[in-house]
Structures are given as structure tokens and as C-alpha cells.
Amino acid sequence: QVQLVESGGGLVQAGGSLRLSCAASGRTFSRYTLGWFRQAPGKEREFVAGFRWSDGNTYYADSVKGRFTISRDNAKNTVYLQMNNLKPEDTAVYYCAADSRVTITELKRGDMDYWGKGTLVTVSS
């Protein structure tokens, strides 16, 4: 089983940047599809960014395209989310997730086997 632990959240002013990390323990996820999701208070969880192993492509929600970048370091078994030009609307608990195989639809839906407990990002105006 894979355990995921997010870190790097905090308070940042609008226009600032944060880098979230998700460290995995257990089986290496070098060939896993990885994703970042977020949930704001009173809202449903939404897809933010993902890396799909089977096609080697990255995927982004329209709301973060051009501002956020997902990357991975297989040697460290860690996935990152670089967040630039943050907006108050980005305030949410951010979760990382992993799965051995998912379709693009499943990735964007958040149908993943393994989840972290989240890290809070608060963006002030």
C-alpha cells in the first residue's frame, strides 16, 4: 500500500508562490499516475493537475493553467505542485493522490486509489 504525505502549504499573499510536496512511502510510484486536487470550504473537491504515466502527459484544470506546474522526482518518490501567481480563489486544502492505472476521465474525476490527508493553502488579498 502507498502512503502519501503533503507538505508546503501555508499563508501567502496574492501574487505570491508556494511549492507543495507529496512524499510517498511504500511501493515506488515511478509508474503511477499522480494528481493534485483541492477542496475549498463549502465546495466540492476539484481536479487541479495530474501526470498520467501511460501517456506521459500532464493535465491541468483551466483555472490553474499557466500558473501551476506538476512535476515528479522518482529518486525521491515525491511529486510537486509549483503554484505561482496565487489568487484568493486558490485557497483550499490541497491533496495529492496516486493510482497505478486510470483513464483521463478517472484522473480528472479523482477516482484514485491512494490519497494524502491534505495541506492547507491560504491566499490573502
Side-chain angles (χ1 to χ4, degrees):
Q1 195 172 26
V2 175
Q3 289 82 45
L4 304 171
V5 180
E6 303 95 336
S7 62
L11 176 64
V12 64
Q13 295 182 30
S17 299
L18 283 175
R19 188 195 196 196
L20 304 184
S21 299
C22 176
S25 62
R27 181 190 288 266
T28 178
F29 61 17
S30 61
R31 292 192 173 188
Y32 276 59
T33 291
L34 305 170
W36 285 96
F37 303 80
R38 68 187 182 187
Q39 186 167 23
K43 293 188 176 182
E44 295 181 352
R45 187 178 64 198
E46 65 174 339
F47 170 78
V48 176
F51 174 86
R52 190 161 177 260
W53 167 252
S54 60
D55 58 15
N57 290 332
T58 56
Y59 301 86
Y60 295 94
D62 289 340
S63 60
V64 306
K65 201 169 297 181
R67 299 190 297 123
F68 291 10
T69 303
I70 186 172
S71 62
R72 64 195 297 171
D73 186 334
N74 289 333
K76 296 181 178 180
N77 229 23
T78 300
V79 60
Y80 304 96
L81 184 68
Q82 178 66 46
M83 306 185 294
N84 297 326
N85 192 25
L86 283 160
K87 304 175 181 179
E89 303 92 276
D90 296 319
T91 295
V93 175
Y94 283 71
Y95 301 88
C96 65
D99 204 304
S100 60
R101 189 182 77 177
V102 290
T103 65
I104 296 172
T105 298
E106 289 170 333
L107 170 63
K108 295 184 176 181
R109 228 174 234 160
D111 188 13
M112 312 286 278
D113 283 345
Y114 306 104
W115 289 85
K117 292 185 177 180
T119 185
L120 177 63
V121 172
T122 303
V123 184
S124 62
S125 59

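All values below come from the heavy atoms of this structure, side chains included, with hydrogens, waters and symmetry mates left out. Keep in mind the model is a prediction, meaning the values are calculated, not measured. In this chain, residues are counted from 1 in sequence order.
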Problem - Sidechain-backbone polar pair: Asp99 side chain, Asp113 backbone, donor-acceptor under 3.5 Å - result: yes
Handout entry: Same cluster (ILVMFWY, side-chain, under 4.5 Å), Val79 and Met112
Key = no
Exercise for the section: Report yes or no: does Thr33 contribute a side-chain atom to a donor-acceptor pair with the main-chain N or O of Arg101 at less than 3.5 Å? Expected result: no
Completion exercise
Heavy-atom nearest pair, Ala98 first then Leu4, reads N-CD1, 3.9 Å
Problem - Residue among Arg67, Gln82, Met83 satisfying side-chain contact (heavy atoms from CB on, under 4.5 Å) with Ser17 - result: Gln82
Practice task
Please examine the side chains of Phe68 and Leu18, heavy atoms only from C-beta on, and report whether any two atoms are closer than 4.5 Å.
Solution key: no
Problem - Nearest-0.5 Å distance, CG of residue Leu20 to OG1 of residue Thr78 - result: 12.5 Å
Practice task
Measure the acute angle between the ring planes of Trp115 and Phe37, then classify it against the limits of 30° and 60° as parallel, tilted or perpendicular.
Solution key: tilted
Practice task
Compare all side-chain heavy atoms of Gln13 with those of Leu86 and state whether any distance is below 4.5 angstrom.
Solution key: no
Fill in the blank from the handout: Correct closest heavy-atom pair for Val2 and Ala24 would be CG1-CB, 4.2 Å
Handout entry: 4.5 Å side-chain heavy-atom contact, Leu34 and Trp53
Key = no
Handout entry: Carboxylate-amine/guanidinium contact Asp90 Lys87, below 4.0 Å
Key = no
Exercise for the section: Measure the SG-OH distance between Cys96 and Tyr80 for me, rounded to the nearest 0.5 Å. Expected result: 12.0 Å
Problem - Salt bridge Lys117-Glu6, side-chain N to carboxylate O under 4.0 Å - result: no
Practice task
Using the ring of Tyr59 (Phe, Tyr or Trp, six-membered ring only), decide whether Arg52 places NZ or CZ under 6.0 Å from its centre and within 45 degrees of its axis.
Solution key: no
Practice task
Check step by step if side chain to side chain contact (heavy atoms under 4.5 Å, CB included) holds for Ile104 and Asp55.
Solution key: CA-CA 10 Å; Ile104 296 172; Asp55 58 15; 4.2 Å; yes
Exercise for the section: Hey, could you give me the OH/CG distance between Tyr60 and Leu81, rounded to the nearest 0.5 Å? Expected result: 8.0 Å
Practice task
Classify the angle between the aromatic ring planes of Tyr114 and Tyr32 as parallel (below 30°), tilted (30 to 60°) or perpendicular (above 60°).
Solution key: tilted
Handout entry: Gap between atom CZ of Arg45 and atom CZ of Arg38 - 0.5 Å precision
Key = 13.5 Å
Handout entry: Inter-residue atom distance Phe51.CZ - Trp36.CH2, 0.5 Å rounding
Key = 15.5 Å
Problem - Side-chain touch Lys76/Ser21, heavy atoms, less than 4.5 angstrom - result: no
Handout entry: Donor-acceptor contact present, side-chain Thr119 to main-chain Tyr94, <3.5 Å
Key = no
Handout entry: Exceeds 12 heavy-atom contacts within 6.0 angstrom, atom NZ of Lys65
Key = yes
Fill in the blank from the handout: Between Ser125 and Pro88 the two heavy atoms that sit nearest each other are CB-CG, 3.9 Å
